[in-house]
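One structure is given below, encoded as structure tokens.
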Protein chains: 2
Amino acid sequence: MSEKSAIPKKVIYRLSTYYRCLQRLAENGLETVSSGTLAKAAGVNSSQLRKDITYLGQWGTRGLGYPVETLMSALREVLRQEKLQPVILVGAGNLGSALLRYQGFQKEGFEVVAAFDSDIESARKRGLEIPLYSDDELDDFLQKNPVRLAILCVPAEFAQGVTNRLVRAGVQGILNFSPAVLEVPKDIVVNRVDLASELENLSFFIR
Amino acid sequence: MSEKSAIPKKVIYRLSTYYRCLQRLAENGLETVSSGTLAKAAGVNSSQLRKDITYLGQWGTRGLGYPVETLMSALREVLRQEKLQPVILVGAGNLGSALLRYQGFQKEGFEVVAAFDSDIESARKRGLEIPLYSDDELDDFLQKNPVRLAILCVPAEFAQGVTNRLVRAGVQGILNFSPAVLEVPKDIVVNRVDLASELENLSFFIR
DNA sequence: TCGTGTGAAGACGTTCACAGCT
DNA sequence: AGCTGTGAACGTCTTCACACGA
């Protein structure tokens, strides 16, 4: 994990949640909000929320609460939502093309600029609107268009190989949807999302 | 969270990972594996792995390691992978229908038995092969087909309402893809997967 | 000697409780 | 009085280090 910032990963996730809650409050015309109110909306303890927010500096007014707009722009800055971030997606199979059709990333400030697949013909058949390239063109593409974030949806057995190429080409963050555990240099960040594990986990905890 | 079991949530996630790593090892004909080897494959510390495994009982042989097959069946039992689990999906919009096309849940022992959407006509146009119903039929369906797990992909503003109906109809675990924070009775388990937050998080930690 | 199982230590994250500002 | 900011207490998770069995 990068040593640049002292904000823990868990806090960053919560800050995203706070931001979304603030958006709703702002839509309702609210101008200030107390830690208690915002905490309830975000499903956390109010002192945790206060502590999380002090990572951004001191924005609150004692006796009053936090100014909604100011807090939101502080969050946007920390979360790098200020500008559109380009992202590539590797592995346009079932899950990959599913994610491409899903427009949620775009809405949150990310633009998927290209997709790569080893079997470009099958991938084409899925009728996607994003520029689609063969795996072989990955290195070329990244040389011409430096992109720092990649979404990885290839089968587990290819995940490490593709990862190595991504890292060599300068990608610094990988959102890994394959069930594989990736080995990367320690300045590269990997977030794994394992959909099957999430269901498995639920299935364990119900009764 | 259910009090039935003393195994922490984080451990359950790791057990899923160990299981997948063991599958690979078993394919290669390995019969026993040491904590060190398996830990490396799973990307964790070896004493953590040993501690996690003792939640299942004592399966290892000192000086030798763990018997691969035995350990796998112990894991299958704990993770409830023994039998196919029925699941419903609510919200067949962009993300929902994307997940339906993705066959990964099926592969891991879950069967999506039905999908629900408020706008059944638009949803039909997406050409899905799973039985598709209107939201109104949710309660009826669950009365006739008790299902304990639901995947929730509706927009944030409808998430709490749908959740309430799911809970009333007997659903006990919800995999929540909407960015909303859900309020549920404490015997109901919710796992949230927020795709945009995952990218945001990466984007924060790179440099 | 090799590798598990585990108490103890340490790191990390959360909650409490209250001083101090408005 | 209301609410933030924060040290201190508490709890949880991870790692260490070593006794003990094969």
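Chain A is the first sequence line, chain B the second, and so forth, proteins listed ahead of strands; every chain is numbered from 1.
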**Message:** Please enumerate all residues that pass salt bridge (Lys or Arg N to Asp or Glu O under 4.0 Å) together with Arg14(B), with sequence neighbours excluded.
**Reply:**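 Arg14(B): salt bridge (Lys or Arg N to Asp or Glu O under 4.0 Å) contacts with Asp52(B).
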**Item:** Test salt bridge (Lys or Arg N to Asp or Glu O under 4.0 Å) applied to Arg76(A) - qualifying residues, sequence neighbours left out
**Value:** Glu82(A)
**Message:** Quick check: do Leu152(B) and Leu175(B) have side-chain heavy atoms less than 4.5 Å from each other?
**Reply:** no
Separation of [X] atom [atom1] from [N] atom [atom2], in whole Å?
X	N	atom1	atom2	value
Trp59(A)	dT6(D)	CH2	C1'	19 Å
Gln58(A)	dC3(D)	CD	P	18 Å
Arg14(B)	dT12(D)	CZ	C1'	12 Å
Leu49(B)	dC13(D)	CG	P	17 Å
Asp52(B)	dT4(C)	CG	P	13 Å

Would you indicate, yes or no, if [N] has its OP1 or OP2 atom less than 4.0 angstrom from a side-chain nitrogen or oxygen of [X]?
X	N	answer
Gln48(B)	dC16(D)	no
Tyr13(A)	dG13(C)	no
Ser35(B)	dT4(C)	yes
Tyr55(B)	dT6(C)	no

**Request:** Give the B/S/- string for nucleotides 16-22 of chain C, one per nucleotide from 5' to 3', where a protein heavy atom under 4.0 Å of the base yields B, of only the sugar-phosphate yields S, and otherwise -.
**Result:** BB--BBS
**Complete:** Contacts of Asn45(B) meeting side chain to side chain contact (heavy atoms under 4.5 Å, CB included) (sequence neighbours excluded), chain-then-number -> Ser47(B), Gln48(B)
**Request:** Mind jotting down which residue pairs meet the ring-ring contact (aromatic ring centres under 6.0 Å, His included) criterion with at least one end in residues 135-187 of chain A? Sequence neighbours excluded, please.
**Result:** Phe116(A)-Phe141(A), Tyr133(A)-Phe141(A)
**Message:** Listing request: all ring-ring contact (aromatic ring centres under 6.0 Å, His included) pairs with a residue in residues 38-83 of chain A, at least two apart in sequence or in separate chains.
**Reply:** none
**Request:** Side chain of Pro8(A) only, please: which of dT4(C), dC13(D), dG13(C) is the nearest?
**Result:** dG13(C)
